[in-house]
Student: 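My questions will all concern the structure given below.
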Protein chains: 4
Amino acid sequence: MEIRIGLIGAGWMGKAHTNAFVNALIAFGQEYGKPVFEIVTDISEEAAKKACNNWGFSRWTIDWKEVVEDPHVDVVDITTPNAFHYEVAKAALENGKHVYCEKPLTLSYQQSKELADLARQKGVINYVGYNNVMNPANYYIKKLIDSGKLGNVMRFDGTYDQDMLLDPALPISWRHINKYSGSGALGDLGSHLISVSQFLMGNIESVNALSKTFIKQRPSSAGSHDLGEVENDDMVSVLANYENGAVGTLSSSRIAAGRKNFLSYEIQGTEGSVYYSLERLNEVNVYFTSDNSADRGYRTVFLGPEHKGYTAFNPAPGIAIGFNDIKILEVHELMAAVVKGTSYICDFAFGASIDLTVSAILESAADQKWVDVKNKSIV
Amino acid sequence: MEIRIGLIGAGWMGKAHTNAFVNALIAFGQEYGKPVFEIVTDISEEAAKKACNNWGFSRWTIDWKEVVEDPHVDVVDITTPNAFHYEVAKAALENGKHVYCEKPLTLSYQQSKELADLARQKGVINYVGYNNVMNPANYYIKKLIDSGKLGNVMRFDGTYDQDMLLDPALPISWRHINKYSGSGALGDLGSHLISVSQFLMGNIESVNALSKTFIKQRPSSAGSHDLGEVENDDMVSVLANYENGAVGTLSSSRIAAGRKNFLSYEIQGTEGSVYYSLERLNEVNVYFTSDNSADRGYRTVFLGPEHKGYTAFNPAPGIAIGFNDIKILEVHELMAAVVKGTSYICDFAFGASIDLTVSAILESAADQKWVDVKNKSIV
Amino acid sequence: MEIRIGLIGAGWMGKAHTNAFVNALIAFGQEYGKPVFEIVTDISEEAAKKACNNWGFSRWTIDWKEVVEDPHVDVVDITTPNAFHYEVAKAALENGKHVYCEKPLTLSYQQSKELADLARQKGVINYVGYNNVMNPANYYIKKLIDSGKLGNVMRFDGTYDQDMLLDPALPISWRHINKYSGSGALGDLGSHLISVSQFLMGNIESVNALSKTFIKQRPSSAGSHDLGEVENDDMVSVLANYENGAVGTLSSSRIAAGRKNFLSYEIQGTEGSVYYSLERLNEVNVYFTSDNSADRGYRTVFLGPEHKGYTAFNPAPGIAIGFNDIKILEVHELMAAVVKGTSYICDFAFGASIDLTVSAILESAADQKWVDVKNKSIV
Amino acid sequence: MEIRIGLIGAGWMGKAHTNAFVNALIAFGQEYGKPVFEIVTDISEEAAKKACNNWGFSRWTIDWKEVVEDPHVDVVDITTPNAFHYEVAKAALENGKHVYCEKPLTLSYQQSKELADLARQKGVINYVGYNNVMNPANYYIKKLIDSGKLGNVMRFDGTYDQDMLLDPALPISWRHINKYSGSGALGDLGSHLISVSQFLMGNIESVNALSKTFIKQRPSSAGSHDLGEVENDDMVSVLANYENGAVGTLSSSRIAAGRKNFLSYEIQGTEGSVYYSLERLNEVNVYFTSDNSADRGYRTVFLGPEHKGYTAFNPAPGIAIGFNDIKILEVHELMAAVVKGTSYICDFAFGASIDLTVSAILESAADQKWVDVKNKSIV
């Protein structure tokens, strides 16, 4: 079965998606569909043409509406800037297309909820690209929790820190302007942490947030003396109550010196604990209270064939998989849903639930008080 | 010069203090005073006698008031249960004694403030045993901050986790009853984290706390079916604003599976970062943005002769010091203050400032709102 | 420019090569050639057919000679069992084909030398797949050495350990029979370590080896009571003198409990050191004596855009690359050589030099004495 | 019972021993004897006097023979430069004293053997200070091996690296002159590694060594242009066969950039493995093949109350002990032997067996061949 793709957005992420489709085919075989690169669009004609030639698409256009209406397209793949996700995804859904949308789903919970409802109504596949969820490490940790091996989970503490925007000489970009980004570190990085947290722990019930912008102005362009206002958080920290009774903290910084891709968390249960950092993608640290006490300590478990997804890439344990491999697993899950109707985690309702948590955090930080997340309303 | 010690409390901590006095003499020499073990007291006659015989004291008594009034005592050393610190320290100060009191200073900010004021008025040495402050690692980190090598410090995230009370079969003890302990993980462990944090970062301006008791009842004694109520926090998490403009989180758990002595924190600045865990006492991890970018990464710095206090124990770098060595540095700082009048960090005002933060956290957790710490009032 | 590939061997490694060609095109673009999957062969008709259908080849055959003689083939890609490399590579060279051969080149230095000479005479690209050499981490370390940042290199200590054959119930396979494998852990794993070592340090001058077979017999097939003899080393350790004056040890085990892909080494120089483990592929640990002594320690450097090859996969530092990505870099180097005539590391002479070291180690282990490697003779 | 000590050598090590006696009393109580600091001697009158005053000795002398003959001395404690151990220890034994001698026992196996025989004949306690043996971590590992939890032990790979002599501007010292030191890194550091290895694995059967001096000349004194010859090894690497059938490598360097106190080793068995580094004194890493395979990984076990010796210092796990604490355990073992006649590991025969291995390594490095250790002859 062919899966005909209409790609909207021909930047780095568009390339990453295309690459992932190609490799999902190699890794899993035609049983899960054969991706056909039907049409690609970008507001830049040059980018659209180049993507068409280099990435194996048959056609290109600069009008994204052509793509969502194209009868030869099965899956609309959205990798535009975040601010356009809503409009494009809505149009695609209205045309009855399956939609694969890069994260975040939209810039507001209301829009995301609308899309989730529309998708359900249309009965199409609706997938939002919270790629960390498909990390075999997180899947393994999910299994540890669900199997009861950690006992009752009591605490989640996590952070997602990078230092890519630490240099104050870096100019203002879309990331700093709320109409394009929705929020700062919270939406860009924190939403990934929330996706993992909600995947593992279930929904968050209430939040209390502290948010701060340390670099308040940045050059309007590289080297310029003209300064623009940074509108959103460089750093955010959140106290959280989970629906399952656990508590914890979630933090994020985009100006964290020394941290490169530090999506890191610890989960403590009554019978065990786990900690994990994306900077050491292939290692899960797990502790069981049932181990003989003299010999007890955190185990460093390397990903291997017994962890879901791993064997798509390597036949033996301890051979490092990379971050791009995780995107391949994501695309595979999407393709399996399209071809076989299998269930998947990151549907639009899941995406909307993250946007709901994000909006509660923004409200809490602004009002300096606890905010109830009311995640249940979206189910 | 002799420093004549009257020890109040002959348990494990009393032994640790005595041991530290002996070793401080060995490590630093008589220049900083010669400890003389004058008198020891305990409510248990047997414990008092045994301590007298085994630890080198000249006399013992079961009446602590004798000790604080004894004209042959220079320093009253308090290692009683926490709930008695206030009364004993007050009496000792009123008798004009130098006072060395194990942490926490008292169970309330008001009492601690009263002692700090009294000590200042009496002009005596007043030292509270927040031992982590004297850790050469923390001293080194303090120096990194004060020298500006980390730039402007923006964030402190720390936790102090242990799993010693994870087993729900462990019976109720003084730690679970507020009239003896003041609070749970917060006062027992969290206060250590706060001491380090305030030493390094300065005072906390406001806090917002989430506190939780997971094991709500425990056997009244080992194996008993009679259950007692646990009155205080197993776990606490705090959002904090620092007076210096930094933000962060401070957490603590006494039921953290897999964590043994995990006083761990990360400090992020505009030009560098540091992270540290007491479980790896001898390693400080530090990152400098000024390092050549291709070769840049967290450095694992082993404690060595260039870090304050280390050479008291070892002549060459990388030879592990232990936690008891840090207590020796604490006692040395006390003795130097007595003999040479040198300044010291952990005076009663410092202790009171920690109790103030603790009380603000308790209030915030109870009222579920931000609480202003108003540390400045104690100076 | 098209690069028409004739693949010989349709197993896991054949798939990995094909996958790497596809991804090299995606990552680097058509500037470095467009792989065309012309023909595939395998002794199993079923495997050949399946590979043809699933991996995008145009034709298949069960006669490998057709492939090496096919005028539509530019590059003969050899992924057969090791014992067939020599015959196939020789035939391909004699037909004037570029040859890309999986490691090891052959089972003896003499054969490898013959192929290296023939390839030079024919003037074709001759590439042997010692993939670890293309690891951006090893490239970075090579640059550290060559730039003099580590001073004069004095010592190399490395091991390549796995535990995949620890279970004595695993049956005899080609790995245990010398006519198929040439040697045990030494040729299978140790040769990778030697490849990295010689890439970084230059040739080894003399060796002294200790080799041991711990599991001397294995079932002839799974569950069988019939036992076969294991002919070669489970474990080998080697003392080495390098031509550059350095000394060191190289070891390998295929029965190393707990080690999964532990190609690990430390290089010590007069002005710095480095250690690295493939189990933490994305981290290079480097120490510079020139760092300020109080702040000096091993730096954990995450791979990033400043390290050669990394940007083919990720735009920002600290995003984990995986082992398969390294194979892509290898194939890219091959394609660049074919299309642009750029130089490359892993030519047949390099492969032969590794086989020479391996043969010297085998001789030393057998005769229990130092053996001169005489690498120079192959240049 | 009093243990009256005659200390010979009043330098850093003399102080460390005295300190350890004081603390052994504090930690273990008078049940194991009460150390009495009877007399101290040093060739420097000033050092002898100062030690007498500061360390609590009753008398001093500059004639060591007075000490070994003194009827008020029970234990002769030797902390002189290595070259004097033999003569002093022999005289002490001949006077029927218990002898506690810092490592190495002597500079040759023959002398050590003579002392071991003499001590046995005299029936006195004879203890050589290979302190690493008493490390609770090594004791725990010994127990893992002896209990069979690691299965049959097949391999030991270890190194003891420091960089204290990396700077070529450091002047010649006794460490570089064989008549004072016997050998270089081998005797100074390597002997500690051998002590641990032989404690854990049993005796070494045969060795093959490579030894190298990289810094061949050093200033005769700091800053001098006058150069002296370095007579011994900066670095040594050894292949070893153990009597128990295991194989391995032992290495040592005193010019290892970045390594501070890196006594590090890995032991691989048929059912588990362990690795350990003295730079992380409180952590033992252990792997069991019997763990459920999906959850299997090296465990990081922190030292705690279940590991022998630990409770002398701390009541709860994960509280770091330091290197000096290990010396206290050593002195305790000595005192227990004197007072209670308990057995001990590091007797002179054990010390001699290490010197035998060292001499075999020196012979092998000189002759470039395998040398049989014949350890059995000393039993």
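Given the structure is predicted, the values throughout are model-derived calculations rather than measurements. Chain identifiers are assigned alphabetically (A, B, ...) following the order of the sequence lines, protein sequences preceding nucleic acid strands; residue numbering begins at 1 within each chain. Values below: all heavy atoms of this structure, side chains included; hydrogens, waters and symmetry mates excluded.
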Student: Against chain C, label F288(D) side chain, backbone, both or neither, depending on which of its atoms sit under 4.5 Å from a heavy atom there.
Tutor: neither
Student: What is the distance from atom CD of Q268(C) to atom CZ of R259(D), rounded to the nearest 0.5 Å?
Tutor: 7.5 Å
Student: Can you tell me which portion of S237(C) sits under 4.5 Å from chain D's heavy atoms? Options are side chain, backbone, both or neither.
Tutor: both
Student: Distance check, rounded to the nearest 0.5 Å: W370(C) atom CH2 versus W370(D) atom CH2?
Tutor: 11.0 Å
Student: Measure the spacing between CG of N208(C) and CG of L239(D) and express it to the nearest 0.5 Å.
Tutor: 6.0 Å
Student: How long is the gap from OG1 on T270(D) to CD1 on I215(C), to the nearest 0.5 Å?
Tutor: 8.5 Å
Student: Using a 4.5 Å cut-off on heavy atoms from C-beta on, say whether the side chain of L166(C) contacts that of M154(D).
Tutor: yes
Student: Counting distance only, does the side-chain N/O of K260(D) pair as donor-acceptor with the main-chain N or O of G297(C) below 3.5 Å?
Tutor: no
Student: Would you say that more than 12 heavy atoms from the other residues, nucleotides or ligands in this model lie under 6.0 Å from the NZ of K143(D), or not?
Tutor: no
Student: Between N241(D) and L210(C), is there a side-chain heavy-atom distance shorter than 4.5 Å?
Tutor: yes
Student: Most heavy-atom pairs under 4.5 angstrom with chain C, which of D157(D), T289(D), V238(D), V247(D)?
Tutor: V247(D)
Student: Can you see which heavy atom on G269(C) is nearest to which on A257(D), and at what distance?
Tutor: O-CB, 3.8 Å
Student: Between S253(C) and R155(D), what is the shortest heavy-atom contact and its length?
Tutor: CB-NH1, 3.4 Å
Student: Please look at I255(D) and chain C and tell me whether the side chain, the backbone, both or neither of the residue comes under 4.5 angstrom of a heavy atom of that chain.
Tutor: both
Student: Out of curiosity, D163(C) CG to Y287(D) OH, how far, rounded to the nearest 0.5 Å?
Tutor: 5.0 Å
Student: When you measure from the side chain of S273(C) to the backbone N and O of G258(D), does any donor-acceptor pair fall under 3.5 Å?
Tutor: no
Student: Starting at OG of S206(C), measure out to CD of Q368(D) and round the result to the nearest 0.5 Å.
Tutor: 7.5 Å
Student: Non-hydrogen atoms of chain C under 4.5 Å away: do they reach the side chain of D161(D), the backbone, both or neither?
Tutor: side chain
Student: Counting only heavy atoms not in N152(D) (residues, nucleotides, ligands), do more than 12 fall under 6.0 Å from its CG?
Tutor: no
Student: Considering only heavy atoms, which portion of V286(D) lies under 4.5 Å from any heavy atom of chain C: side chain, backbone, both, or neither?
Tutor: neither
